[in-house]
Amino acid sequence: MSRYNKVFLFLLEMKRASWLLKDCLFYLKKNVDQGGDRNRLVYRSRQFRQIQMFRYEMQHFVQSVEAYLANQVIDVCWKEFQVDLEEEATELDKLVHCHSEYLRKLLFRSFLSQQSGQVMKIVVELLNTVLRFHAQLVSGNWQLVGDDGTDMAHSNFQALCATHRLFKKYSGFLFNIVTRMVERSYQSHLDEFLLCLNFNDFYKPISSRHDDQTTS
C-alpha cells in the first residue's frame, strides 16, 4: 500500500498545483470583470499582462506533467499489467510477480523510484514555486502608480518576478535532464513528456534557435 500511496500523493500534489493556478486566473479575472475605471486600469496595466504570462507558463508545465502521468504512466502501465495477467499469470506466484512488476513500472515512470530521485526533486521544487506564486498573488493588491495615476501595479510584483525566475531555472534544468535521458534511451516513454513540455521549442536554447534560422 505504501507504493500506491506514493503515486496517489503525487497525483494529489499535481491536482493541487493545477487548482491553485486556476484560482490565480479567477483572482485576476475578478479584478477586471467587475467593471469600473479602476478595474479597467488593472486590465490595461503591463504588470497584469506579465503576471498572466507567468501563470500561463506554470499552467503549461503542470498540464504537461498531468498529461504524461495520465497517458504514459497510469494508462500504459495498466494495459501492460492486463497483458501480463492474460499471458503469464497462470498461478499465484506469477500473479504476485506481475503485480510487483506493475508497481515497479508505475513508480519508475512516475519519477518515484530511487533512480529518478533527481528528477522528482526538481519537480517538487517546481510545485513549491507554484504554491509560492499563488500565495504572493492573492495576498497582494493593486495600487495606482505613476505621476498621473493612470497605471496599476501589484504590491507583490517583484516577489512574483523572483518566483517566476526560479520557476524558469528549475523547469529549464528539468528539461535538460529529461533530454539527456531520452538521448541515452534511459526512459524512452519520456518522449511524449519532452514533446509536450517543449511545445513550440520553448526550452530550446537561444543559440540553437538562431542556428535554425540561419540555416533556413
Side-chain angles (χ1 to χ4, degrees), residues 1-25 55-135 166-167 169-199 203:
M1 288 301 296
S2 62
R3 289 182 287 181
Y4 278 113
N5 286 338
K6 285 183 180 180
V7 177
F8 293 149
L9 181 60
F10 184 32
L11 293 174
L12 284 174
E13 289 174 347
M14 294 304 306
K15 287 297 181 183
R16 181 189 183 192
S18 180
W19 182 88
L20 288 175
L21 289 171
K22 290 179 182 178
D23 191 59
C24 289
L25 176 61
R55 181 202 62 81
Y56 181 80
E57 184 178 338
M58 293 179 176
Q59 185 74 55
H60 169 70
F61 169 80
V62 172
Q63 288 178 341
S64 296
V65 177
E66 286 186 315
Y68 165 74
L69 292 173
N71 299 327
Q72 293 298 314
V73 179
I74 297 176
D75 188 53
V76 172
C77 286
W78 179 252
K79 289 181 178 178
E80 291 176 352
F81 180 48
Q82 289 179 313
V83 172
D84 290 341
L85 288 178
E86 294 177 358
E87 297 180 354
E88 300 181 16
T90 56
E91 55 188 47
L92 183 59
D93 290 341
K94 292 183 178 179
L95 174 62
V96 173
H97 173 74
C98 289
H99 183 250
S100 298
E101 184 66 13
Y102 163 69
L103 289 177
R104 186 194 67 80
K105 291 180 180 178
L106 197 62
L107 292 174
F108 183 71
R109 296 177 184 178
S110 300
F111 315 123
L112 295 170
S113 64
Q114 292 183 350
Q115 299 95 317
S116 304
Q118 186 180 16
V119 175
M120 175 52 67
K121 184 178 179 180
I122 300 173
V123 172
V124 169
E125 291 295 338
L126 283 163
L127 295 179
N128 287 337
T129 60
V130 172
L131 302 183
R132 190 178 306 128
F133 182 85
H134 174 267
L166 188 61
F167 177 86
K169 173 184 176 182
Y170 282 124
S171 60
F173 190 31
L174 177 65
F175 174 76
N176 291 334
I177 291 178
V178 176
T179 298
R180 288 198 295 268
M181 287 180 172
V182 172
E183 290 174 348
R184 297 171 183 173
S185 299
Y186 179 62
Q187 297 186 35
S188 58
H189 53 275
L190 290 175
D191 284 336
E192 181 176 334
F193 174 61
L194 196 62
L195 182 62
C196 293
L197 191 63
N198 196 35
F199 179 75
Y203 290 99

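In this chain, numbering begins with 1 at the start of the sequence shown.
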Enquirer: Ser100 side chain to Val96 main-chain N or O, any donor-acceptor pair under 3.5 Å?
Expert: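 The answer is yes, because a donor-acceptor pair under 3.5 Å joins these two groups.
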Enquirer: Locate the shortest heavy-atom distance separating Val130 from Ala17; write the atom from each residue and the value.
Expert: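 For Val130 and Ala17, the tightest heavy-atom pair comes out as CG1-O, 3.9 Å.
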Enquirer: Looking at CG of Leu11 and CD of Glu66, how far apart are the two atoms once the value is rounded to the nearest 0.5 Å?
Expert: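 If I round to the nearest 0.5 Å, the distance is 8.5 Å.
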Enquirer: In terms of ring plane angle, is the pair Trp78 and Tyr102 parallel, tilted or perpendicular, where the classes change at 30° and 60°?
Expert: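 It falls in the perpendicular class, over 60°.
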Enquirer: Can you tell me if Gln118 has over 12 outside heavy atoms packed within less than 6.0 Å of its CD?
Expert: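 It does not: Gln118 CD has 12 such atoms or fewer within range.
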Enquirer: Charged N to carboxylate O below 4.0 Å: is that the case for Arg180 and Glu183?
Expert: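 No salt bridge links Arg180 with Glu183.
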Enquirer: Are side-chain heavy atoms of Lys94 and Asp84 found at a separation under 4.5 Å?
Expert: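 Counting from C-beta outward, Lys94 and Asp84 never come under 4.5 Å.
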Enquirer: Would a 4.5 Å heavy-atom cut-off, applied to side chains only, mark Leu103 and His99 as touching?
Expert: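 Yes - at least one pair of side-chain heavy atoms lies under 4.5 Å apart.
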Enquirer: Do other residues, nucleotides or ligands put more than 12 heavy atoms under 6.0 Å from Lys105 NZ?
Expert: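 Count over threshold, so yes.
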Enquirer: Should His134 and Leu21 count as side-chain neighbours, where that means a heavy-atom distance under 4.5 Å?
Expert: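 No. Closest side-chain heavy atoms not under 4.5 Å.
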Enquirer: Can you check whether Phe133 reaches Thr129 side chain to side chain, under 4.5 Å on heavy atoms?
Expert: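 No, every pair of side-chain atoms sits at 4.5 Å or beyond.
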Enquirer: Kindly compute the distance separating CG (Leu107) from CD (Gln114), expressed to the nearest 0.5 Å.
Expert: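 CD of Gln114 is found 10.5 Å from CG of Leu107.
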Enquirer: May I ask you to test the Leu174-Phe61 pair for a side-chain heavy-atom distance under 4.5 Å?
Expert: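 Result yes, sub-4.5 Å side-chain heavy-atom pair found.
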Enquirer: Quick one: pull up CG in Asn128 and CD in Glu13 and give me the separation to the nearest 0.5 Å.
Expert: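 Separation between the atoms: 8.5 Å.
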Enquirer: Could you walk me through whether Leu131 and Arg16 pass side chain to side chain contact (heavy atoms under 4.5 Å, CB included), step by step?
Expert: CA-CA 9 Å; Leu131 302 183; Arg16 181 189 183 192; 3.9 Å; yes
Enquirer: Do the ring centers of Tyr68 and Phe111 come within less than 6.0 Å of each other?
Expert: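 Yes, ring centres under 6.0 Å apart.
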Enquirer: Working to the nearest 0.5 angstrom, can you tell me the gap between Leu166 CG and Glu125 CD?
Expert: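 The distance works out to 7.5 Å.
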Enquirer: Side chains of Leu197 and Val178, heavy atoms from C-beta outward: is any pair under 4.5 Å?
Expert: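 Leu197 vs Val178: side chains apart.
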Enquirer: Heavy atoms, side chains only, cut-off 4.5 Å: are Ser2 and Lys6 in contact?
Expert: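 They are not in side-chain contact.
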Enquirer: For the residue pair Gln59 and Leu25, establish whether any side-chain heavy-atom pair is separated by less than 4.5 Å.
Expert: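 The answer is no, as the side chains (C-beta and beyond) never meet within the 4.5 Å cut-off.
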Enquirer: Would you give the length of the straight line joining atom CZ of Phe175 to atom CG of Asn198, rounded to the nearest 0.5 angstrom?
Expert: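 That separation rounds to 3.5 Å.
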Enquirer: Under 3.5 Å, is there a donor-acceptor pair between the side chain of Asn71 and the main chain of Ala67?
Expert: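 Yes; judged by distance alone, with no hydrogens or angles, the pair exists.
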Enquirer: Compare every heavy atom of Met58 with every heavy atom of Phe167, then report the nearest pair and how far apart it is.
Expert: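 In this case the closest contact between Phe167 and Met58 is CZ-CA, 3.7 Å.
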Enquirer: Report the distance from atom OG of Ser113 to atom CZ of Arg3, rounding to the nearest 0.5 Å.
Expert: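 CZ of Arg3 is found 12.0 Å from OG of Ser113.
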